[in-house]
Amino acid sequence: MGWKQLVADYLGFTRKDRIAIVTLLVIILGVFFLPAVIPGKNASKLAEADTAWIAVMKRLEQKEPAGGPMFRKYDEDNSQAYQYDRTENNYSKRQKADLFYFDPNTLPAAEWKRLGLRDKTIATIKNFLSKGGKFRKPEDLQRIYGLFPDEFERIAPFIKIESTNETNSYKQFTAKDPAPSKPGKTFTGRYAVVDINTADTTALIALPGIGSKLASRIINFRDKLGGFLSIDQVGETFGLPDSTFQKIKQWLKLENTQIRKININEATLDELKAHPYIRYGLANPIIAYRVQHGPFIKLEDLKKIMVITDDIFLKLSPYLFIKQD
């Protein structure tokens, strides 16, 4: 067999084979060049859609024009209200913060800085106060322009606003000097001593300076905590002036030390948020750590969460427990 016959046998194509090969080549070339031929119409539509999307986002993120009103009034007490600044939500740049009890109406700028707030937010607060504004309850701080919701949740348990009316009336009362000829009166034995973990509103109302509203707040705070561990915790009650607490402190006792604890391996986000010492600022990191690393083995594992300092852990740990199998 000659080489020509060999080539003809193995490399020769019939008419049907040649038609099939040409057809495949045309299909392959068509698929390859098709995107370059058709995109004109679709590209313009995509570009137009993308442009519209960007325009909408810019309108959503547009800040209030310079020179416009910095705040608006709200109905409750005509305080100046600020809106949350969404364009500066840069969590990665936040500095490490300390937590301590404070009155937002009197706190210096340096102490706001200690709490972890940014300079721009602090300037907004100071501007608000300098124009005659006043925080009458912790929730008023949420209206500050640029204060993140999680920042408020983190510092909210530590806000203590002193009641001006009660404080002034008490100061006026105590400012009067007794007559020189009469010795000062003492009231020892005048009030019954109450156990802060078992007292009801009636027992608390009987104490000096405590009305039905403050009595209800003390009991509500006690229930949310799970019980008091020390008499000084009563002074943390929202709206209770320190002057009033110092007056009633001698009539308080703590005999029943049984408290309600939270199982941190089973508690939901809502259950953790409800505790005055946890709130959202700590509840969310606790849940996130539990999801990522599994159940806590011991309470000290909470210290592995960045926002939980040694001081916060000492305050929280008596109200937490881990169920042992």
Side-chain angles (χ1 to χ4, degrees), residues 64 68-86 88-89 94-95 97-172 209-211 213-214 216-218 220-221 224-225 232-246 273-282 307 312 315:
E64 191 173 34
M70 290 180 60
F71 49 82
R72 69 172 185 270
K73 296 189 175 182
Y74 59 92
D75 295 335
E76 184 177 354
D77 53 10
N78 291 329
S79 295
Q80 296 145 331
Y82 295 78
Q83 295 302 308
Y84 167 47
D85 184 1
R86 297 182 184 273
E88 295 180 359
N89 192 8
R94 303 221 184 139
Q95 61 181 5
D98 296 329
L99 292 174
F100 52 87
Y101 292 100
F102 67 96
D103 186 337
N105 292 310
T106 59
L107 192 68
E111 297 300 295
W112 283 111
K113 192 78 173 177
R114 270 186 63 199
L115 286 170
L117 269 64
R118 290 158 295 121
D119 292 335
K120 189 173 181 180
T121 306
I122 296 171
T124 304
I125 293 172
K126 288 300 179 183
N127 187 40
F128 168 69
L129 294 172
S130 67
K131 293 180 180 294
K134 185 174 178 63
F135 300 106
R136 291 175 172 80
K137 56 184 184 297
E139 290 75 13
D140 290 347
L141 202 61
Q142 289 180 291
R143 300 175 180 270
I144 290 296
Y145 182 84
L147 182 67
F148 300 129
D150 66 318
E151 285 181 323
F152 173 75
E153 291 289 348
R154 178 172 56 84
I155 65 177
F158 300 89
I159 299 175
K160 291 185 69 175
I161 300 176
E162 188 171 0
S163 174
T164 305
N165 294 335
E166 292 186 24
T167 303
N168 290 341
S169 61
Y170 178 65
K171 286 181 179 178
Q172 291 173 2
I210 302 296
K213 190 172 183 180
L214 281 177
S216 297
R217 285 181 177 177
I218 292 172
N220 186 45
F221 181 54
K224 287 184 176 180
L225 275 177
D232 287 336
Q233 284 180 290
V234 177
E236 300 174 14
T237 303
F238 168 70
L240 177 64
D242 185 65
S243 56
T244 303
F245 172 65
Q246 296 302 327
K273 283 196 305 183
H275 197 280
Y277 289 169
I278 300 177
R279 302 285 186 176
Y280 182 83
L282 296 180
V307 295
I312 294 177
K315 191 174 182 179

Other residues, nucleotides, ligands: >12 heavy atoms within 6.0 Å of Tyr280 OH: no
Rounded distance (nearest 0.5 Å) linking atom CD1 of Ile155 with atom CG of Leu141: 5.0 Å
Residue pair Lys160 / Phe238, side-chain heavy-atom distance below 4.5 Å: no
Atom pair OH (Tyr277) and CG (Leu225), whose distance is rounded to the nearest 0.5 Å: 5.0 Å
Ile159 vs Asp103 side-chain heavy atoms within contact, under 4.5 Å: no
Side chain to side chain contact (heavy atoms under 4.5 Å, CB included) between Arg217 and Leu240, intermediate numbers included: CA-CA 8 Å; Arg217 285 181 177 177; Leu240 177 64; over 6 Å; no
Arg154 side chain reached by Leu99 side chain, heavy atoms, under 4.5 Å: yes
Nearest-0.5 Å distance that lies between atom CZ in Phe245 and atom CD1 in Ile210: 10.0 Å
Those residues that, when tested against Gln246, pass side-chain hydrogen bond (donor to acceptor under 3.5 Å, both in side chains) (two or more places apart): Asp242
By ring pair (Phe, Tyr, Trp, His ring centres under 6.0 Å) - contacts of Phe158 (at least two apart): Tyr101
Beyond-backbone contact of Phe152 with Arg143, side-chain heavy atoms, under 4.5 angstrom: no
Flag if over 12 foreign heavy atoms under 6.0 Å of NZ, Lys213: no
Inter-residue atom distance Ile122.CD1 - Ile144.CD1, 0.5 Å rounding: 11.5 Å
Contact check, side chains of Leu147 and Gln142, non-hydrogen atoms, under 4.5 Å: no
Parallel, tilted or perpendicular, as decided by the 30° and 60° cut-offs, for the rings of Phe135 and Phe128: tilted
Side chains of Glu151 and Arg118 in contact at under 4.5 Å (non-hydrogen atoms): yes
Candidate list Asp140, Asn105, Thr106, test side chain to side chain contact (heavy atoms under 4.5 Å, CB included), partner Ile161, passing option: Asn105
Gap between atom NZ of Lys273 and atom CD of Glu153 - 0.5 Å precision: 7.0 Å
Distance (rounded to the nearest 0.5 Å) between Ile125 CD1 and Trp112 CH2: 4.0 Å
Side chain to side chain contact (heavy atoms under 4.5 Å, CB included) evaluation trace for Phe221 with Glu236: CA-CA 9 Å; Phe221 181 54; Glu236 300 174 14; 3.8 Å; yes
Val307 versus Ile312, closest heavy-atom pair with distance: O-CD1, 3.5 Å
Shortest non-hydrogen contact between Pro276 and Pro157, atoms and distance: O-CB, 3.0 Å
Non-hydrogen side-chain atoms of Thr237 and Asn220 separated by less than 4.5 Å: no
